[in-house]
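Because only heavy atoms are used, hydrogens play no part in the values below, and waters and symmetry mates are left out as well, while side chains stay in. Chain identifiers are assigned alphabetically (A, B, ...) following the order of the sequence lines, protein sequences preceding nucleic acid strands; residue numbering begins at 1 within each chain. The shown structure was predicted, so the numbers you read here are calculated from the model rather than taken from an experiment.
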2 protein chains.
Amino acid sequence: MELSDRKKKILQLVVSDYIETAVPVSSKSLTEKHLTNLSSATVRSELAALEELGYLSQPHTSAGRVPSIDAYKLYVSDLMVKDNLSVNELEYIKKIFLENTNDVEQVIKQTAKVISELTSLTSLAVTSHDESEKINNIKLFRFKPDGALLIIVTDTKLLKDSVIELSQDMSDDRIDEANVLLERMFVGKTFKDICNYNYNLDESFENYKSVFLKVIDALKDYVTTTDDVILEGQDKILQHPEYADLEKLKKFMSVVTKKDKVINLLSNDGRDIKINVKIGTEGYEEMPSDCSVVSATYSVGGVKLGTYGVIGPVRMDYGKVVAVLENVGKILENILSNR
Amino acid sequence: MELSDRKKKILQLVVSDYIETAVPVSSKSLTEKHLTNLSSATVRSELAALEELGYLSQPHTSAGRVPSIDAYKLYVSDLMVKDNLSVNELEYIKKIFLENTNDVEQVIKQTAKVISELTSLTSLAVTSHDESEKINNIKLFRFKPDGALLIIVTDTKLLKDSVIELSQDMSDDRIDEANVLLERMFVGKTFKDICNYNYNLDESFENYKSVFLKVIDALKDYVTTTDDVILEGQDKILQHPEYADLEKLKKFMSVVTKKDKVINLLSNDGRDIKINVKIGTEGYEEMPSDCSVVSATYSVGGVKLGTYGVIGPVRMDYGKVVAVLENVGKILENILSNR
DNA sequence: GGTTAGCAGTCAAACACGTTGAGTGCTAAC
DNA sequence: GTTAGCACTCAACGTGTTTGACTGCTAACC
């Protein structure tokens, strides 16, 4: 059933008021603040109708109304006005990304931090290990007698490195030779190619066989390894009155500090949408039910960079959150692709 | 004034009981649990004496006794029995350090995590940028047309890297030549040497002047840059009843997430002791006063690795904490120096 | 002198109760 | 369809009251 325009308007006011104040909204406050041409009794009957439809509920008979999960969903999809970020906020985002755009780790951390700061919510991030990422540059660098650093630069121009053990008899010359071969073999290939291809290292590799096997392992590791999870602004959750309860806080923290659970929260169920809003975390055990997660996946030139998002009370400022996620994504993608 | 043996014994029991239970200890519970050959009235008069001396206090007249800051100090310096870690715990520590002993960042994180896990407290770490650290290996590695990675291996065999911008006309050959010069100039030198020495790059450096200046800047940066701060187990604080109060939690979080404040908390006031115990964080503004910090500085071969510690309620298990810090340090230093 | 039993005193915590006021639903009139 | 008026509900708050876990004190005892 389609809601009348007035019902929509009232529902929108209730949700946005409640998001702002965290207090059940009463018919009186609505007529005083927004609907000055209506009496509270009229609004009351509309509210009763909306409650009948499942969009509102009362904590107790003599309290105002609180939005239901369905109301939030409708609010996000239909009723909400997306925020515009202020010039200051946009400048702040840009400033953050001016430095350190080489180190993946740094970029992710900074991104998560910006998002957390601007939304006043705890932010989450998982790095994507995109199989279709192409290798642009690869090289071994000996840093101690029995160890070398494998440095990989990909499409997105972000650095990755890992340590490779060397056998004792690996001379510097042979590392140089190995580097030539490495370049020939892997530059221009995607991680997927490498995983699928079955390298049979013939006699020309004789001298480097063990090193090459380790390099291939390391490359495969980038794809199969469990994703990195970053958490920023854990303290932000304390600002929200719904988490004044210690038990809820504990639940929240215990989920948010567990890698696999976070990955689960940020998954977008295969749907290919830019911004993913999960209202009410039903189905996520251990999670307090009045939690929402809003996430976005960023990519550069078709290669996924990672998924970023925020987690907080269902009563969060979706307009602002969506605006922040969109803008951070836009700016980040811009900077990374124009290097 | 020196305490009688019995007073010491009773004070020790009160502190350890309170640490365990978080409940003011009564004369009755002491005679029931530990001092079965004394009556509660006797203990009561001893408690009254200890209160007179400033070691104990009562939350209210009809409550048991709670240790004062002075009592904790005496407990740590004189009365406490240091814990022995279980075989399982020792194995757990060793296992953690088996991998990733090359990447500084990883080592620090893991160390902080182990400490947090074993003590059930929030752990803090600051990396030391020790001026006296010697450079073992240094090399530039081009990873994109206008950028190179500067890789430095030090005495402690831990990797450090930073990105150096390259001018457009820097050929690969010239990078190779620069690397030869870099090695000649910096290997065997300490960061201190480099900071103090005034490099006047004569005509033989003509081609690399700009790169060298950048490298020198990067090297100096390692020393002057503000230290990295790591935080682990922030959620652990929720387990302690003294932080059931939201305001305290906020204060705690706001300090613990601020770099400069953490560095301050972990500073050892120039005193050259292995384990530093700060009981009651008086003088640290914004910090709830009933906080303690226990920290230790780890080093390998005379080079400081960093300072690690825990922060939590004054009522923490000092015996356990000290044992964990000592053992983690021993094992870490061992592993790193025997590579 | 140190130790103990007994007893009066204190006070937080828990519970019950009354009051208040912000909110509602319903109804009758406009 | 809208509104004023009124009875009703119930969380929040403040005020007793009771309970029991402590203590300090005192007088007797070893």
Side-chain angles (χ1 to χ4, degrees), chain A residues 3-11 13-15 17-18 20-68 71 241-242 244-246, chain B residues 1-11 13-15 17-18 20-68 71 241-242 244-246:
Chain A
L3 295 178
S4 72
D5 281 356
R6 193 169 72 177
K7 283 200 178 57
K8 277 190 188 170
K9 173 80 182 164
I10 289 178
L11 186 54
L13 287 171
V14 172
V15 178
D17 247 47
Y18 186 66
E20 196 184 322
T21 63
V23 171
V25 309
S26 70
S27 54
K28 200 176 147 212
S29 74
L30 283 173
T31 52
E32 278 170 356
K33 276 197 273 182
H34 311 285
L35 303 162
T36 40
N37 51 340
L38 286 182
S39 83
S40 64
T42 311
V43 174
R44 216 139 56 221
S45 65
E46 291 286 61
L47 291 177
L50 284 166
E51 179 163 0
E52 185 68 26
L53 291 165
Y55 289 116
L56 298 176
S57 69
Q58 291 177 279
H60 54 91
T61 34
S62 67
R65 255 74 175 201
V66 164
S68 68
E242 24 271 285
D245 179 30
L246 207 71
Chain B
M1 171 201 149
E2 185 64 15
L3 295 179
S4 72
D5 280 358
R6 193 170 72 176
K7 282 199 177 59
K8 276 190 188 169
K9 174 78 183 162
I10 289 179
L11 187 54
L13 287 171
V14 171
V15 178
D17 246 48
Y18 186 66
E20 197 185 320
T21 64
V23 170
V25 274
S26 69
S27 53
K28 201 177 147 212
S29 74
L30 284 174
T31 52
E32 277 171 358
K33 274 196 275 181
H34 311 286
L35 304 162
T36 40
N37 51 341
L38 287 181
S39 84
S40 65
T42 312
V43 173
R44 218 142 50 224
S45 63
E46 291 286 60
L47 291 177
L50 284 166
E51 180 162 0
E52 184 68 24
L53 292 166
Y55 288 116
L56 297 176
S57 69
Q58 291 177 280
H60 55 88
T61 36
S62 68
R65 255 77 172 199
V66 164
S68 69
E242 23 271 288
D245 179 31
L246 208 71

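Between dA11(D), dG24(D), dA5(C), one nucleotide has an atom nearer to the side chain of Glu51(B) than all others, and that is dG24(D). Each of dT10(C), dG25(C), dG24(D) was ranked by its minimum atom distance to the side chain of Gln58(A); first place goes to dG25(C).
Straight-line distance from the CZ atom of Arg6(B) to the P atom of dG1(C): 15 Å, rounded to whole Å. Atom C1' of nucleotide dC22(D) and atom CD of Glu46(B) are separated by 18 Å, given to the nearest angstrom. In this structure, Leu47(B) places its CG atom 13 Å from P of dT3(C), rounding to the nearest Å. The distance from atom CG of Asn37(A) to atom C1' of dG1(D) is 14 Å, rounded to the nearest whole Å.
The stretch residues 27-35 of chain B touches DNA chain D through Ser27(B), each having a heavy atom within less than 4.0 Å of the strand.
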Given the rule in the side chain to side chain contact (heavy atoms under 4.5 Å, CB included) test, do Leu35(A) and Thr42(A) qualify, once you have shown the distances and angles that lead to the verdict? CA-CA 10 Å; Leu35(A) 303 162; Thr42(A) 311; over 6 Å; no

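Taking CG from Leu56(B) and CD1 from Ile10(B), the interatomic distance works out to 9.5 Å, rounded to the nearest 0.5 Å. Atom CG of Leu47(B) and atom NZ of Lys7(B) lie 10.5 Å apart (nearest 0.5 Å). Between the OG atom in Ser27(B) and the CD atom in Glu46(B) there is a gap of 12.0 Å [rounded to 0.5 Å]. Here the straight-line distance linking atom CZ of Arg44(A) with atom CD of Glu51(A) works out to 13.5 Å at 0.5 Å rounding.
For Ala41(A) and His60(B), each mapped to the nucleotide of DNA chain C holding its nearest heavy atom, the one lying further toward the 5' end belongs to His60(B). Summary of the strand contacts: Pro59(B) and Val23(A) both lie near DNA chain C, and taking for each the nucleotide with the nearest heavy atom, the more 5' one is attributed to Pro59(B).
A donor-acceptor pair under 3.5 Å is formed between the side chain of Thr21(A) and the backbone N or O of Asp17(A).
The base of dC10(D) lies close enough to the side chain of Ser62(A) for a donor and an acceptor atom to sit less than 3.5 Å apart. Judged by distance alone with a 3.5 Å cut-off, no donor-acceptor contact links the side chain of Ser39(A) to the base of dT3(D).
At the phosphate of dT23(D), OP1 or OP2 sits under 4.0 Å from a side-chain N or O atom of Arg65(B). A sub-4.0 Å separation between OP1 or OP2 of dT3(C) and a side-chain N or O of Arg44(B) is absent.
Using a 4.0 Å heavy-atom cutoff across all strands shown, Thr42(B) reaches at least one base atom of the nucleic acid.
Atom CG of Asn37(A) sits in a crowded spot, with more than 12 heavy atoms from other residues, nucleotides or ligands closer than 6.0 Å.
In this structure, dC30(C) and dG1(D) make a Watson-Crick or G-U wobble pair, each of the two defining distances being under 3.5 angstrom.
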